[in-house]
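Please read the structure below before turning to the comments.
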Amino acid sequence: MSEGLVEAVARAFAADGPIAAGDAGFSPRPQQDAMAQRIARAVDAREALVAEAGTGVGKTYAYLVPLLLSGRRALVSTATKSLQDQLFLRDLPRLARMLNVPVRMALLKGRASYLCRYRLLQAQAEAQLPDRFAARALQRVAVWAQGTASGDLAEIEGLDDRSPVIPLVTSTRENCLGTECAEYRACHVMNARREAMAADLVVVNHHLFFADLALRDSGVAELLPTVDVAVFDEAHQLVEAGVQFLGTLLSTGQAIDLGRDLLACGLRDARGLAPWSDLQAGIEHAARELRLAAAGSVREVRAMLKVRWDERAAELAEPLTALAAAAAAAAEAAAHVEAAAPDFPKLEQRCRDLAALAGRFRDEAAPGQVRWIDLTPQQARLVESPLDIRDMLTQQRALAPKAWVFTSATLGDDEALSWFTSSTGLEDASRLRVGSPFDYAAHARVWVPKALPLPNAAGHPAAVGALAARCAAALGGRTFVLTTTLRVLPQIAQAIHDQAAALGRTLTVLVQGSEPRRALLQRYGDGHGCVLVGSQSFWEGIDMPGDALQCVLIDKLPFPPPGDPLVEARVRQLREQGRNPFEDYFVAEAAVSLKQGAGRLIRTETDRGLLVLCDPRVRQMGYGRRLIAALPPMGRIGEESAALDWLAELALGH
């Protein structure tokens with residue numbers, strides 16, 4: 001094996017190297033050097049590597065530098081579209097300039113991220129918009145469309161991801177007309193794919209990666225065999241993304257959209273040739289009955305709710321039969337007028353696919369698959385999925401020799417990183433663990449209060465809120481409370497208000513759900529006088545360096561919810577393998593989630609803070625030692641008085 005790449009990587013990260021010369025804030029870190037050189041060896045040898053890198057290692061540069069210097073064709077996948085944009089728009093161009101490496105880069109997202117010019121024209125002509133805000137948003141999209149080169153909707157400042165306009169101006173695999181489309185030559189989706197196929201380095205996201213391998217719809221399936229290196233950043237999210245997107249999905253929203261598209265096209269291009277209104281009404285009625293059957297006794301859904309399949313299977317049979325029949329009738333009508341417009345053959349296929357899906361979910365699940373129902377305020381989604389991504393990744397790794405690199409700050413709590421490797425089939429991969437360069441012992445403390453009620457006690461949320469108020473009062477705000485469920489957010493927020501009033505202090509309490517996440521974080525600002533109370537979406541992906549966040553309270557240990565259908569299926573699988581589900585799954589999952597939540601606290605070498613675990617089981621149960629050991633090596637605090645003294649010291653900036 002050539003040492004050329006390893007040596008080039010070492011030179012790049014040297015104190016007198018090109019990165020130090022191009023970035024005034026850079027300083028060499030042994031942990032980053034070790035990771036970058038190990039990735040260089042994996043790239044050279046075309047091997048699989050699983051690398052856990054603690055906060056502050058600089059893992060992004062540690063994998064990008066070997067990729068750029070290798071000259072090999074590469075695919076980089078990360079967890080979210082915003083991280084994609086950060087890599088493509090900031091990190092990669094900066095590094096390519098500093099290293100003086102000519103590289104052709106491309107950004108590839110899913111269809112729903114790109115404007116469809118054909119559907120924009122349709123929306124302008126005939127869309128039924130819900131309110132004046134949607135009308136205004138459509139007008140903004142139309143103005144922007146005249147000048148955009150990429151068609152990426154992320155370019156439109158302030159366009160909400162949940163805007164009802166987005167589905168109207170983007171295509172799906174089902175409704176895309178392909179080469180039949182009048183706008184095909186100027187299609188932004190096709191242009192993005194062409195650029196990806198011509199690029200040296202392509203940035204995608206995990207959802208797109210798996211959705212495309214399942215549906216072959218966005219270009220990744222064609223791209224993957226042509227690359228020499230595949231890197232997965234934020235790899236701790238890989239399994240859940242794979243389980244969601246490798247599965248089979250039937251949503252009531254998908255059925256209602258199909259009915260509306262059928263009606264619009266029928267009335268526009270084949271009026272009087274079929275009872276289009278009746279056909280649309282049949283599909284929509286069956287979809288709404290399916291949504292009601294899926295919800296059962298659940299009357300109000302505020303966030304996503306997972307429902308066990310066996311709780312609803314009997315009630316679903318009749319609406320699924322009705323939906324299959326309505327879709328089949330619509331398919332026949334579309335087939336009879338297929339020459340009237342290019343949309344009709346697509347509509348016919350979508351109707352036949354929907355009928356087949358309804359029939360599939362009416363029958364028993366395939367062996368090795370788990371089913372569940374996702375309920376949201378808008379729709380019900382029936383899902384059938386594998387339990388993990390072992391088989392898929394094993395197949396992909398066998399297809400062509402390439403380097404596979406999986407990295408994250410949290411991939412397990414043992415040297416084998418078994419939490420990650422066992423669910424991905426990567427037990428044979430090389431492993432690397434590099435710790436954080438931060439001095440946690442000097443700068444951070446962890447405290448497990450003795451006097452709090454157990455998490456299942458009625459008074460626990462109020463006790464957590466009161467404690468959060470005392471901590472925030474000592475610190476002057478700058479506090480996050482992270483919860484494991486949405487249900488307790490209002491109780492904790494109210495208790496913070498009440499305790500702050502009793503202490504004669506004014507605290508601004510910001511609660512997840514009261515406004516979009518970005519707006520909440522903007523209001524939080526430098527944190528002074530603020531407490532933010534949030535659930536899962538605030539456990540990771542939040543970067544608040546400096547003194548804006550110096551106290552994080554976690555309400556209880558983040559064990560997987562035992563009633564979750566996926567959790568139950570994994571427990572059964574582990575029992576069948578003769579393993580201990582609590583130790584091998586529940587505690588391992590909690591350790592990884594706890595590390596993610598704790599990771600919000602210390603983001604730079606100079607940050608200081610306090611982590612409060614508001615769950616007495618950490619002290620009382622044997623697994624508590626394992627969970628504490630999984631955290632960075634923070635100093636321990638035993639009493640509330642010492643914790644408040646530490647916060648008062650932080651408030652003074654000492």
Side-chain angles (χ1 to χ4, degrees), residues 64 67-68 73-93 96 102-123 140-157 159 161 163 165-233 241 245 346:
L64 288 180
L67 292 190
L68 291 170
R73 193 148 194 253
L75 175 81
V76 176
S77 181
T78 190
T80 64
K81 288 189 282 189
S82 60
L83 286 172
Q84 259 187 289
D85 289 335
Q86 179 181 308
L87 280 174
F88 182 75
L89 299 172
R90 190 187 74 183
D91 298 333
L92 274 165
V103 60
R104 186 168 178 179
M105 298 176 288
L107 182 68
L108 187 60
K109 298 180 181 179
R111 283 183 177 276
S113 294
Y114 296 103
L115 173 74
C116 172
R117 298 160 66 95
Y118 174 72
R119 285 180 61 81
L120 172 62
L121 293 171
Q122 281 190 316
R140 286 184 65 204
V141 171
V143 171
W144 161 81
Q146 295 169 17
T148 181
S150 73
D152 186 346
L153 292 165
E155 292 177 356
I156 307 176
E157 189 69 35
L159 181 65
D161 289 345
S163 169
V165 166
I166 290 178
L168 299 177
V169 299
T170 57
S171 68
T172 64
R173 185 175 65 99
E174 291 82 11
N175 66 26
C176 173
L177 298 177
T179 53
E180 298 291 317
C181 180
E183 300 288 337
Y184 182 74
R185 283 183 171 277
C187 174
H188 293 300
V189 171
M190 296 310 300
N191 285 341
R193 290 184 193 174
R194 281 191 287 269
E195 286 180 17
M197 290 305 293
D200 306 308
L201 195 154
V202 183
V203 183
V204 302
N205 62 65
H206 301 339
H207 291 174
L208 175 70
F209 177 81
F210 287 113
D212 191 67
L213 289 183
L215 302 172
R216 305 186 72 82
D217 179 50
S218 62
V220 173
E222 288 74 37
L223 181 67
L224 191 59
T226 71
V227 302
D228 302 304
V229 190
V231 176
F232 296 86
D233 195 358
F245 286 89
K346 274 286 184 182

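Atoms considered below: every heavy atom in the structure, side chains included; atoms not considered: hydrogens, waters and symmetry mates.
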Requested in this report: Determine the minimum heavy-atom distance between Y184 and G178, stating which atoms define it.
Outcome: CD1-O, 3.2 Å
Query raised in the report: So, Q84 side chain and V203 main chain: donor-acceptor pair closer than 3.5 Å or not?
Result: yes
Query raised in the report: Rounded to the nearest 0.5 Å, how far apart are SG of C116 and CG of L168?
Result: 11.0 Å
**Report entry** Separation of R111 CZ from N175 CG (nearest 0.5 Å)
**Finding:** 8.0 Å
Query raised in the report: Parallel, tilted or perpendicular: which describes the rings of F232 and H206, with under 30° parallel and over 60° perpendicular?
Result: tilted
Query - Option passing side chain to side chain contact (heavy atoms under 4.5 Å, CB included) with L115 (candidates V141, V189, I156, D152) - result: V141
Report task. Say whether, by atom type as modelled, one donor and one acceptor occur between the side chain of T148 and the main chain of A145 under 3.5 angstrom. Result -> no
Report summary line: Looking only at heavy atoms, the pair that brings W144 and L153 closest together is CZ3-CD2, 3.7 Å
Requested in this report: Nearest 0.5 Å please: distance from the CG atom of L87 over to the CG atom of N205.
Outcome: 11.0 Å
Report task. Work out which heavy atom in A196 is nearest to a heavy atom in A106; give both atom names and the distance. Result -> CA-CB, 3.7 Å
Requested in this report: Measure across C181 and Y118 and return the closest heavy-atom pair with its distance rounded to 0.1 Å.
Outcome: SG-CB, 3.7 Å
Query raised in the report: L67 and V76: side chain to side chain contact (heavy atoms under 4.5 Å, CB included), yes or no, with the steps?
Result: CA-CA 10 Å; L67 292 190; V76 176; 3.6 Å; yes
Report task. Using a 4.5 Å cut-off on heavy atoms from C-beta on, say whether the side chain of V165 contacts that of R140. Result -> no
Query raised in the report: What distance separates T179 OG1 from R185 CZ, expressed to the nearest 0.5 Å?
Result: 11.5 Å
Requested in this report: Check each of E155, H188, K109 against S150 using the side-chain hydrogen bond (donor to acceptor under 3.5 Å, both in side chains) test, and report the only one that passes.
Outcome: E155
Query raised in the report: Does the pair Q86 and T78 meet the rule for a side chain to side chain contact (heavy atoms under 4.5 Å, CB included), with working shown?
Result: CA-CA 10 Å; Q86 179 181 308; T78 190; over 6 Å; no
Report task. Starting from the C-alpha separation in whole Å, work towards a yes-or-no answer on side chain to side chain contact (heavy atoms under 4.5 Å, CB included) for V231 and L64. Result -> CA-CA 9 Å; V231 176; L64 288 180; over 6 Å; no
Query raised in the report: Between S171 and R119, is a side chain to side chain donor-acceptor pair (under 3.5 Å) present by the stated rule, with each step listed?
Result: CA-CA 7 Å; S171 68; R119 285 180 61 81; over 6 Å; no
Report summary line: CG of D91 to CG of D85, rounded to nearest 0.5 Å, is 11.5 Å
**Report entry** Any donor-acceptor pair under 3.5 Å from R73 side chain to V202 backbone
**Finding:** no
Query - Exercise: identify the closest heavy-atom pair between A96 and V103 - result: CB-CG1, 3.9 Å
**Report entry** From Y114 atom OH to N191 atom CG, the distance as rounded to the nearest 0.5 Å
**Finding:** 10.0 Å
